[in-house]
Peer 1: 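Got a structure here, written out as structure tokens. Questions coming.
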2 protein chains.
Amino acid sequence: MEVTTQNIASKENINTWISQIHTEFKLAMSVDCVIFGYTEADLYVALIPCNMPPYEGDLSLVGDLLHANEDLDQAVDRILWERIGLRNVYCEQVQVFSQLGRHPLGRVVTVAYYSLIKVEDYKKVAPADCPLVWKKVDEVGSLAFDHNEVFGLCLEKLRRQLREHPVGFSLLPKKFTLNQLQQLYEVILNMSFDKRNFRRKLKAMDAIRDVGEVERDVRHRPAKLYSFDLERFEASGKNSFV
Amino acid sequence: MEVTTQNIASKENINTWISQIHTEFKLAMSVDCVIFGYTEADLYVALIPCNMPPYEGDLSLVGDLLHANEDLDQAVDRILWERIGLRNVYCEQVQVFSQLGRHPLGRVVTVAYYSLIKVEDYKKVAPADCPLVWKKVDEVGSLAFDHNEVFGLCLEKLRRQLREHPVGFSLLPKKFTLNQLQQLYEVILNMSFDKRNFRRKLKAMDAIRDVGEVERDVRHRPAKLYSFDLERFEASGKNSFV
DNA sequence: TCAAAAGTGTTAATGATACACCCATGT
DNA sequence: ACATGGGTGTATCATTAACACTTTTGA
């Protein structure tokens, strides 16, 4: 930290604020969603062809401008509804990108969010004319704008959150087997876990509850079903999943 | 996650974007800085009296509008220079607050940052007419706008970062004693550590280097001086301080 | 010689990792 | 009966937490 002589701002008053807010500013905000799509085999990200010079032909994240009558969280919900056809999707704000010149058409400050959906849920409601492209997260090529940076940060944050918070359960049925849960962690984190250690740790977390049922119609020993128990997890004060 | 029928957005094209960016939007962005001031005894936060109805008389965080020719990081640097008289201050972006109606004068979306300075550095350059008020972080009362929420999140993030990243060294002289370092962790995290365990852990991190000197002019056994060694720390791949 | 803070090791408890076999079901 | 995935326990190692005395300097 450098210490130098002072340079005090001229004091603003209400009138300068009002005039600045209403006249000086012509700035747009957008939201860019890193929509992660989960399957039991892989983690994907939703991309769309970009039609804006100079990025025509590249893929970009799914985004839109913030409207005047909504806050950012509402904008994310709207975008997911309009583009993906899903509501009540798990979302997290990640970071703001405000670099001058990041958008070719003018001053657009964007806020990155990630969200988590099941690809199968999307498939049920996917529009025929929808240009969405799903790429495996480790096969994302060069994206439009600064979207590679945005994507990278969101993937990092997703993985950090998954390790420390009960984030993944929105991707499983209400009742799930422990193997489904482990598979989810393995796919998203791109690593593998020892089955016994994974189970021991998970049970010690007080986050899941045996619902007393088992799988049906499998041609092997049926697995017990569990459900996520948010109350018990929060009461236990434990943290950090794996 | 709820799956329902689709509601596809009408496709936008470049022209709609351009017109939206340039006409629909009249939105201001601001930066609110949670400026943490460190002394060897306490952690403070810098506040200023608010002169904006309906919050006249309350204290608020130090903030300003984002100017047209700067990005957010630059705005933070400018604010710290104008208000505090310091440059090259450690800063981290924390979160965006975009709730409708959060600002009484219009649509202002704010981005929260925290920054770390030494109170003594500020005192050297503090302007006589400057209305800055330093409050201990656990004695912050009710603040203007949504600034209590902003402050709380920034304090949380500071503490998380301090535990996991080499953040605190900007608050110490280039050469410091291990007790100074421990005191810093204790003050910011508001907890105490065992001296031997703290040292063992810190040395195991490969983050500090004995510079072969000792304190002068103390009326007790002089402590060895250490310096932070960023290169060695990054090379070691270790993480998580305490 | 006294006051004041610096410095240093060991033990116990806890948590993490590695590892292999039997079980229940459908076909 | 066999193929398939489900389910379980123990031993080792690494990490963390608790704890008290001697050392060096200035006054």
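Order of the sequence lines sets the chain letters (A, B, ...), proteins ahead of strands, with each chain counted from 1.
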Peer 1: Roughly, in whole Å, what's the span from CD in Glu40(A) to C1' in dG5(D)?
Peer 2: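 After rounding, the gap between these two atoms is 13 Å.
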Peer 1: Has Lys201(B) got a side-chain N or O lying under 4.0 Å from the OP1 or OP2 atom of dA14(D)?
Peer 2: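 For Lys201(B), the contact criterion (side-chain N or O under 4.0 Å from OP1 or OP2 of dA14(D)) is not met.
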Peer 1: What is the distance, rounded to the nearest whole Å, between atom CG of Asn179(A) and atom C1' of dT4(D)?
Peer 2: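 Value for this atom pair: 12 Å.
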Peer 1: Do the side chains of Phe169(B) and Tyr90(B) get nearer than 4.5 Å, heavy atoms only?
Peer 2: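 Not in contact.
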Peer 1: Checking Lys136(B) now: which residues fulfil side chain to side chain contact (heavy atoms under 4.5 Å, CB included) with it, not counting sequence neighbours?
Peer 2: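 Per chain and number, Lys136(B) pairs via side chain to side chain contact (heavy atoms under 4.5 Å, CB included) with Asp42(B), Tyr44(B), Asp138(B), Glu139(B).
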Peer 1: Check DNA chain C against residues 182-197 of chain A and give the residues with a non-hydrogen atom under 4.0 Å, in numerical order.
Peer 2: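 Here the set is Asp194(A), Arg196(A), Asn197(A).
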Peer 1: Mind calculating the distance between CZ (Arg200(A)) and C1' (dG15(C)) to the nearest angstrom?
Peer 2: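 Rounded to whole Å, this separation is 10 Å.
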Peer 1: Strictly below 4.0 Å: does Lys224(B) bring a side-chain N or O up to OP1 or OP2 of dA6(C)?
Peer 2: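 Checking dA6(C) against Lys224(B), no side-chain N or O comes under 4.0 Å of OP1 or OP2.
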Peer 1: May I ask you to decide whether Arg78(A) forms a salt bridge with Glu82(A), counting only side-chain N to carboxylate O separations under 4.0 Å?
Peer 2: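 Here Arg78(A) pairs with Glu82(A) in a salt bridge, since their nearest N and O are under 4.0 Å apart.
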Peer 1: What is the distance from CD1 of Ile208(B) to P of dG7(C), rounded to the nearest Å?
Peer 2: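 Distance, rounded to whole Å: 11 Å.
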Peer 1: For Arg163(B) and dT16(D), give me the distance from atom CZ to atom C1', rounded to whole Å.
Peer 2: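 One finds 13 Å between C1' of dT16(D) and CZ of Arg163(B), rounded.
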Peer 1: Which of parallel (below 30°), tilted (30 to 60°) and perpendicular (above 60°) describes Tyr185(B) and Phe193(B)?
Peer 2: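 Taking Phe193(B) first and then Tyr185(B), their aromatic rings stand perpendicular (interplane angle over 60°).
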Peer 1: Rounded to the nearest angstrom, tell me the gap between atom CZ in Phe198(B) and atom P in dA6(C).
Peer 2: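 These atoms are roughly 13 Å apart.
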Peer 1: Output the rounded distance in Å from CG (Leu202(A)) to P (dG7(D)).
Peer 2: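 Leu202(A) atom CG is separated from dG7(D) atom P by 13 Å.
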Peer 1: Could you please name the option among dT17(C), dT16(D), dG7(D) that lies closest to any side-chain atom of Ala223(A)?
Peer 2: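 Selected nucleotide (nearest to the side chain): dG7(D).
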Peer 1: I would like to know whether Leu61(B) and Phe145(B) meet side chain to side chain contact (heavy atoms under 4.5 Å, CB included); could you show each step before the answer?
Peer 2: CA-CA 9 Å; Leu61(B) 296 171; Phe145(B) 310 103; over 6 Å; no
Peer 1: Taking atom C1' of dT8(C) as reference, at what distance in whole Å does atom CZ of Arg199(B) sit?
Peer 2: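 For the pair Arg199(B) CZ and dT8(C) C1', the rounded distance is 9 Å.
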Peer 1: Apply side chain to side chain contact (heavy atoms under 4.5 Å, CB included) to Ile188(B) and Leu158(B), showing your working.
Peer 2: CA-CA 8 Å; Ile188(B) 297 182; Leu158(B) 165 63; 3.8 Å; yes
Peer 1: Taking atom CD as the centre, does Glu164(A) end up with more than 12 heavy-atom neighbours from other residues, nucleotides or ligands that are less than 6.0 angstrom away?
Peer 2: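 Buried by this count: over 12 neighbours within 6.0 Å.
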Peer 1: Would you sort out whether His220(B) and Glu215(B) count as a side chain to side chain contact (heavy atoms under 4.5 Å, CB included), showing the intermediate values?
Peer 2: CA-CA 10 Å; His220(B) 56 76; Glu215(B) 284 182 302; 3.9 Å; yes
Peer 1: Between atom CZ of Phe233(B) and atom CE of Met205(B), what is the distance when rounded to the nearest 0.5 Å?
Peer 2: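 The CE atom of Met205(B) is 4.5 Å from CZ of Phe233(B), to the nearest 0.5 Å.
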Peer 1: Between the protein and nucleotides 24-27 of chain C, are there any N/O to N/O pairs under 3.5 Å, and if so, what are the atom names and distances?
Peer 2:
| from | atom 1 | to | atom 2 | distance (Å) |
| --- | --- | --- | --- | --- |
| dA24(C) | N3 | Arg221(A) | N | 3.2 |

